[in-house]
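Would you mind keeping the following structure in view while I ask a few things?
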Amino acid sequence: MNHGQEAQRTWNGRTVRLYHLPNTLSGKLWAWRYLILRRVTQFSVLLLFFATAHWAWVVAGQPLISGNLSASSLLGVIPLADPFAVLQILFSRHLLATEVLIGAAIVLVSYALVGGRVFCSWVCPVNPVTDLAGWLRNRFDLANALHLNRNLRYYMVALVLVLSLVAGLAAFEWVSPIAMLHREIIFGIGMGLIGVAGIFLFDLMVVRHGWCGHLCPLGAFYALVGKAAQVRIRFDETTCTRCGECIRVCPEPQVLNLNQAARLGRVASGECTNCGRCVPICPEDSLSFDLRPLINRHNQRSAETSARRI
Amino acid sequence: MATGAGKGRRAFLIRLAQGASLAAAAGLVWTYVLRNQARATPFALRPPGARDEDEFNALCIKCGQCVNACPYDTLRLATAWEPRPIGSPYFLPRENPCLMCPDIPCREACPTGALGREMERIEDARMGLAVIDTENCLSWQGLRCEVCYLACPVRGKAISTERRLAPDGGYVQMVPWVHSEHCTGCGVCENRCPTEEASIRVVEARLVQGRMGAHYRLRGAEPGGVMVFDPPASPDAGRPSTEPTVPGLDALNLGDLP
Ligand code: SF4
Ligand code: SF4
Ligand code: SF4
Ligand code: SF4
Ligand code: SF4
C-alpha cells in the first residue's frame, strides 16, 4: 500500500500520516501481534478440546477440558457453559441441573469482564473463516450485493428466544453453524461444515462481514454482555489526527465513532470485539488496550504531556 | 387528507407489519426444521439414564461430555444430516454396545441433567428393547446358538431360553426369549449375534412394545409381563376372580364365561 502520492492533509495543525506496514520481518510480526495471538488462541482452544477427547490429555489425573464450547468441564471440577445456549434451554421451559447453570454464570461473568465479543475474535471457530472471507473481499474489491441493517442481529436474539419458548427446544443450538463446526471438528466430521461454507460464501459474495456483523445471534448476545466490559480500547484524543486507518480495518467500523470515543476516552460499544486490529495500525498510537477504570487517568496524563509540549 | 404526521404513522405501522410478517415467516420455517430434527429421536438409542424424548431433546446441550466419559467409546454425537437429532449422543449396538458400567460414567459426566440422576443402578437403564427376528435366529431355526443368551449382561433375566421339541420331533431346540422387564437395551446381544445381519436388535421400546390394557385377564400369567402359557389344570384355575378390580369393565363378560 503506497499512500505517497496523496496530498498532505492536516488536522488540528498536525500532519495527517497514514499507515505503512513495516518492511522488516520483526516489524511485520509486531504489527500483526494481535492477529497472531488471536489465531494461536483460537487454534489452542480447538486443540485442547480435541486432545482431551481423542488423546485423553489429563492434568493431575483429570481430563484437561472435556466437552465443547456448548458446555465443558475444566480439570473435572470447573464447569463451563455457553450462557446463550443455557438461556435458550431455560426459555424452552425446562429445568437444568445446577452444574451447567454455574458453568454458564462463570463464562458470563468472565466475558462481561474481558469484553463479551472477545469470544468472537479470540475463541469462536467461525471467526478465522469470516476473516478469510473479509480478506479475500478486500483483495478482489467486491461490492456488497445487499444492504443489511447491523441491528438485525438483536432481532435475531429476540426471535431465537421466542422460538425456544414456542418450540420447547433451544432454537439456535439446533441449527447453529458455530456449534456444528466446533462439534464436528472435535467429535467427528459430517455435513455440519456446510453451514460454515454457507457463511463463507455469504460473507464473500453477498454482504461484507455479513454473518458476524449483521446476523449472528450469539455475537449479538455477547455484544449485549460486553456493555459492562472492563477491558476496552482506550482512545487518546490528543494524538489522533482522524486519518481513518482504524475505521478502514475494523470489522465493526460503527464502533469507532471517534467523536464519542473522544468524549468517553474509549471505544464504548459492546459490538467491539477487542480484536486489536486498530491498535497496531494507528500511525499515532492513539489506540491501545486498557482497563476501563484506568482509562480516564491515562488519557488525562497524555493530555497533560501534550499540553506541556505545546 | 392525511397529515404529515398521519402519513408518518401509517408508514411506521406498515413497516412494523412487514417486519412482524418477516419474523413470523422465518420463525415458522425455523420451527418446522426444529421439530423435524427432534422427530428423528426414535432412531437414536440414548445413553443410559436419558430422560423422555421431549425433555432429553430440550435439556441436552450437545456437549459430548458423556461421549468423552465412556471408557469403551460407545457413544457418539450425531453429525448434521444424519437421520438422528443433530449433535445429540447415541450409540449403534452392532458396532459398539453399551457395556453397562456399574458406576455409569456417562451419566455422571452430564452437566445438564439430560441423563437423569434418578436412576440408581445401571440395570435400571432402559436404552431400548431387544427384539428377536425368529425367522432368522439360528436357535429358532433349529441350530444351536444361544450366543445372545450367554452374552447378555443381565444374564438369565433379560434373555431366557426355552427347551422345546422341534416341530418334526427329531431334536431339542433352545429358543431365546427377551423379557422387557429386565432388558436394558445395552445391545450386547445385537453386537454378538453371529447371523449376517443381527437377528436380535435393540430398538426404542415404544416402537415395538404394545400395551394390553388393564381390562384383559390372562390365564396363567405370571405377574410382571413374562407370559408362560400353561393351560390351567382344572377348568376353574386361572380364571379371573369375580372381584372386579377395574370398575365396570369386569362385569361385562362374567356371565358368558364357561
Ligand atoms: S459473531 Fe457469531 S459467528 Fe461471528 S465470531 Fe461472533 S459468535 Fe462467532
Ligand atoms: S454405561 Fe458405560 S459403556 Fe454404557 S454408555 Fe455409559 S459409559 Fe459407555
Ligand atoms: S453429557 Fe449430557 S448434555 Fe452433554 S451431550 Fe451427553 S447427554 Fe447431552
Ligand atoms: S439388550 Fe440384549 S444383552 Fe442387553 S440386556 Fe437386553 S437382552 Fe441383554
Ligand atoms: S445370537 Fe442371534 S442367532 Fe443366536 S440365538 Fe441369539 S438371536 Fe438367535
Side-chain angles (χ1 to χ4, degrees), chain A residues 49 52-54 56 63 66-73 76 79-82 85-86 88-89 92-104 155-156 158-160 162-164 166-177 179-180 183-184 186-195, chain B residues 19-20 22-41 51-71 73 75-82 84-89 105 107-117:
Chain A
F49 280 121
T52 310
H54 294 275
S66 174
N68 60 27
L69 287 176
S70 300
S72 57
S73 161
L80 300 169
D82 173 352
V86 166
Q88 290 168 60
I89 298 180
S92 79
R93 296 163 285 143
H94 286 87
L95 221 58
L96 281 159
T98 359
E99 187 179 340
V100 79
L101 295 176
I102 295 172
Y155 293 102
M156 286 284 279
L159 187 62
V160 163
V162 169
L163 289 184
S164 301
V166 173
L169 292 169
F172 186 56
E173 291 318 294
W174 281 66
V175 295
S176 161
M180 272 186 227
R183 195 165 53 224
E184 298 200 354
I186 295 164
F187 291 101
I189 301 275
M191 291 301 277
L193 302 190
I194 243 178
Chain B
L22 188 69
L28 277 176
V29 176
W30 195 329
T31 315
Y32 172 78
V33 172
L34 287 176
R35 296 288 1 159
N36 235 18
Q37 272 285 334
R39 252 201 291 277
T41 307
R51 293 181 192 278
D52 291 352
E53 175 175 331
D54 279 346
E55 254 200 304
F56 181 83
N57 279 338
L59 286 178
C60 172
I61 204 166
K62 310 170 194 301
C63 68
Q65 291 188 59
C66 51
V67 175
N68 287 347
C70 174
D73 288 337
L75 303 173
R76 45 175 104 178
L77 294 187
T79 57
W81 291 17
E82 260 185 73
R84 295 173 196 91
I86 183 167
S88 56
R107 192 272 302 271
E108 293 307 305
C110 178
T112 58
L115 307 180
R117 296 275 141 186

**Study point:** Beyond-backbone contact of B/Arg35 with A/Leu169, side-chain heavy atoms, under 4.5 angstrom
**Key:**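 Yes. Closest side-chain heavy atoms under 4.5 Å.
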
Exercise for review: Please state whether the side chain, the backbone, both or neither of B/Cys66 comes within less than 4.5 Å of a heavy atom of chain A.
Suggested key: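 When you check distances to chain A, no heavy atom of B/Cys66 falls under 4.5 Å.
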
**Study point:** Side chains of A/Phe187 and B/Thr79 in contact at under 4.5 Å (non-hydrogen atoms)
**Key:**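 Of all side-chain heavy-atom pairs linking B/Thr79 with A/Phe187, none is under 4.5 Å.
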
**Study point:** Structural part of A/Ile189 lying under 4.5 Å from a heavy atom of chain B
**Key:** backbone

Check your understanding: If you take all heavy atoms of A/Leu159 and B/Ala26, which pair is closest and at what distance?
Key ->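 That would be CD2-CB, 4.5 Å.
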
Point to revise | Closest non-hydrogen atom pair, A/Glu173 against B/Lys62 | key: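 In this case the closest contact between A/Glu173 and B/Lys62 is O-CE, 4.1 Å.
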
Exercise for review: Pick whichever of B/Thr31, B/Ile86, B/Asp73 has the most heavy-atom pairs under 4.5 Å with chain A.
Suggested key: B/Ile86

Check your understanding: Considering all heavy atoms of both residues, which atom of B/Pro111 and which atom of A/Ala97 are nearest to each other, and what is their separation?
Key -> O-CB, 3.4 Å

Review point. Are the side chains of B/Trp30 and A/Trp174 in touch, meaning some heavy atoms are under 4.5 Å apart?
Key: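 Result no, sub-4.5 Å side-chain heavy-atom pair not found.
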
Practice item. Calculate, to the nearest 0.5 Å, the distance between atoms SG and NE2 belonging to B/Cys60 and A/His94 respectively. Key: 12.5 Å

Check your understanding: In Å and rounded to the nearest 0.5 Å, what is the CD1 to CD1 distance from A/Ile89 to B/Ile61?
Key -> 4.0 Å

Review point. Has A/Leu95 got more than 12 heavy atoms of other residues, nucleotides or ligands less than 6.0 Å from its CG?
Key: no

Study note, to complete from the structure: Under 4.5 Å to a heavy atom of chain A? For B/Asp54 that would be backbone

Exercise for review: Could you look at B/Ala114 and say if it's the side chain, the backbone, both or neither that has a heavy atom under 4.5 Å from chain A?
Suggested key: neither

Check your understanding: Which one of A/Pro63, A/Pro79, A/Ser66 satisfies the side chain to side chain contact (heavy atoms under 4.5 Å, CB included) criterion with B/Gln65?
Key -> A/Ser66

